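Whatever order the structure lists ligands and atoms in, that order sets their numbers, starting from 1. Worth saying up front: this structure is predicted, and the values here are computed from it rather than measured.
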Amino acid sequence: MNRNPALSDRRRKAAKAAPRPFVKVLAQAIEAHQADDLDTAERLYGQVLDMRMAQPDALHFLGVLSHQRGRSDEAVELIRAALQITPRHPDAHNNLGNIHKECGRLAEAEACYRRALECDPGHYNALGNLAVVLEARERLDDAFEAHTRLLQQAPNHARGHYMLGLFLRNHAQHIEHLEQSAECFRQAIRLDGRNVRALECLGVALYTLGRHDESAAVYREWLQREPDNPVPRHMLASCGAAAAPPRAADDYVRDVFDGFADSFDEQLLNNLGYRAPEVLIGALLEKLPAAAASLDVLDAGCGTGLCAPLIRSQARRLVGVDLSGGMVDKARARGGYDSLEVAELTDWLQRHPDQFDVVLSADTLVYFGELAPVLGAAHGALRPGGWVGFTLEAIEGDEDRAELTSSGRYRHSHRYVERVLHEAGFVDTGIAADSLRKEGGKPVTSWVVCARRSAGQPA
Ligand SMILES: C[S@@+](CC[C@H](N)C(=O)[O-])C[C@H]1O[C@@H](n2cnc3c(N)ncnc32)[C@H](O)[C@@H]1O
């Protein structure tokens, strides 16, 4: 989403030539919007529209703001109204495309990006977005063509290199694709040293290519430059060059997911075939009473709220908890929760004994190595007879162990999970293997786990 509303040069010159009262208010609104002061910006855009009923910039940017606040239908109406007045405004087409994309209307998004490019063939954001939406529509050849066209037109477009690196990594068929993706991440970093996500991706790609020392060197140099940064600290452990912590540190989780919140749904759902919420909730629904709106449910590590629409009808009360404020903002905009809290999970569970009939956790306990503290706390937060359901990445084989992997997430063996659930007091344990996402173009084997706190059992 274009979060930096800016008047085009043409419109700015026109505004200067003939100052009108609304121009000053519009400039103040844009300033507040850029500073993320959405209340002030919304009020001021409203004032502009009171002065000039169909002022296209105010309609356009108020549309962007409405989407940021979760009012996406209204946002679409506003930007369409702006485009009726200024039909050849590439930014407005691009932003309308972003709203459709984020709402899952991929065909409409594609059409908007193409219109933006008709208005301005050099609109690199629209071309990059087109590539992303084509990838999400599984038109991989077209997506690759759009990614490469962008880099032919703008060889120094740092984000373009980063996005092509992600594309090659997500759909790697051969080792060469992973090598090319590493090169793209390197180039993205050369062009924009602030893109720390590219640095992390480079480290992971090098590790996957078996270049473990180079991978560790990337993280080590990064940590030397930024000794307080939790990401290289965690990633150094993830490639075996430092001791693994019992779970991912709070500051690491916050940093990664605050930075990931805007693109999480797009990356996971569209590009990585993510299906943990639907598979987990499908498994839980087989255990739960059929009566609608009868259960108190905790979505533990709720992220952007993908589980909410799948469990809402069963829930009398649906609570979401997550460490990342950015992810919780997205969940709030999606809606469906009775309450949402930004908090560390184990600690939060310990402070809410005997309150839930269901504690569900999709793709969150992969950030925990030792599961005993969090599962003990989940047992205590459940009422007798209540169900816990969660997903994990799997270590196959007979061992009893957990490990931090080069992706920065943990994996657990079947025996480990079974033992820890038993020690926490759970009964009726079911652990099923499934594939819930892809990584490096390949399915990741996962566990889908359900277990019950026995009826009448003390916490
Ligand atoms: C991969 S996302 C999954 C989100 C959501 N459950 C879904 O399926 O879309 C993992 C989430 O776990 C959260 N998380 C990781 N460790 C946590 C902790 N210790 N306490 C609370 N949330 C945590 C992250 O902030 C992130 O939003």
Side-chain angles (χ1 to χ4, degrees), residues 102 104 230-231 234 238 245-284 297-312 318-334 336-337 340-352 358-378 381 388-393 404-405 407-412 434 436-439 444 446-449:
E102 288 179 22
V231 178
H234 183 83
S238 80
R247 68 173 170 82
D250 294 359
D251 52 359
Y252 168 79
V253 170
R254 260 188 234 109
D255 192 290
V256 167
F257 284 97
D258 283 352
F260 199 18
D262 278 340
S263 61
F264 179 84
D265 293 3
E266 173 184 305
Q267 272 295 317
L268 269 282
L269 293 178
N270 298 333
N271 302 337
L272 298 181
Y274 181 60
R275 49 198 283 278
E278 64 197 80
V279 174
L280 173 63
I281 290 170
L284 273 169
V297 179
L298 176 69
D299 184 357
C302 61
T304 61
L306 292 174
C307 291
L310 306 173
I311 195 73
R312 182 63 257 187
L318 179 59
V319 177
V321 173
D322 200 286
L323 246 179
S324 157
M327 296 292 267
V328 167
D329 286 346
K330 292 280 168 188
R332 190 166 290 117
R334 185 188 303 277
Y337 293 92
L340 281 160
E341 286 195 42
V342 178
E344 198 288 310
L345 193 54
T346 310
D347 178 60
W348 194 92
L349 287 163
Q350 283 166 344
R351 289 187 283 108
H352 293 79
V358 178
V359 172
L360 66 88
S361 189
D363 205 33
T364 291
L365 300 194
V366 295
Y367 292 95
F368 292 67
E370 288 177 13
L371 292 179
V374 69
L375 289 179
V388 69
F390 55 93
T391 65
L392 295 167
E393 292 184 12
L404 179 61
T405 72
S407 66
R409 296 188 296 276
Y410 294 83
R411 295 194 300 167
H412 301 81
D434 207 325
L436 304 178
R437 61 183 277 164
K438 286 186 287 178
E439 184 144 317
V444 177
S446 305
W447 303 128
V448 181
V449 185

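With a heavy-atom cut-off of 4.0 Å, R254 does not touch ligand 1 at all. Contact annotation for P277 and ligand 1: only side-chain heavy atoms (C-beta onward) come within less than 4.0 Å of the ligand. Contacts between C302 and ligand 1, counted as non-hydrogen atom pairs separated by less than 4.0 Å, involve the backbone only. Using a 4.0 Å cut-off between heavy atoms, A343 contacts ligand 1 through its backbone alone, with no side-chain atom that close. At a 4.0 Å heavy-atom cut-off, ligand 1 touches V253 through the side chain alone. If you look at L306 next to ligand 1, the close heavy atoms, those under 4.0 Å, all belong to the side chain. Counting heavy atoms closer than 4.0 Å to ligand 1, residue E344 contributes atoms from both its backbone and its side chain.
Summary of contacts: the protein heavy atom closest to atom 22 (N) of ligand 1 is L323 N, 3.2 Å.
Across every non-hydrogen atom of L318 and G336, the tightest pair is CD2-O, 3.5 Å.
Compare Y274, Y252, F260 by their heavy atoms: the one nearest to atom 7 (C) of ligand 1 is in Y274.
S324 and D258 share a side-chain donor-acceptor pair at under 3.5 Å.
Note on ring orientation: taking the six-membered ring where Trp is involved, the planes of W348 and H352 are parallel (angle under 30°, cut-offs 30° and 60°).
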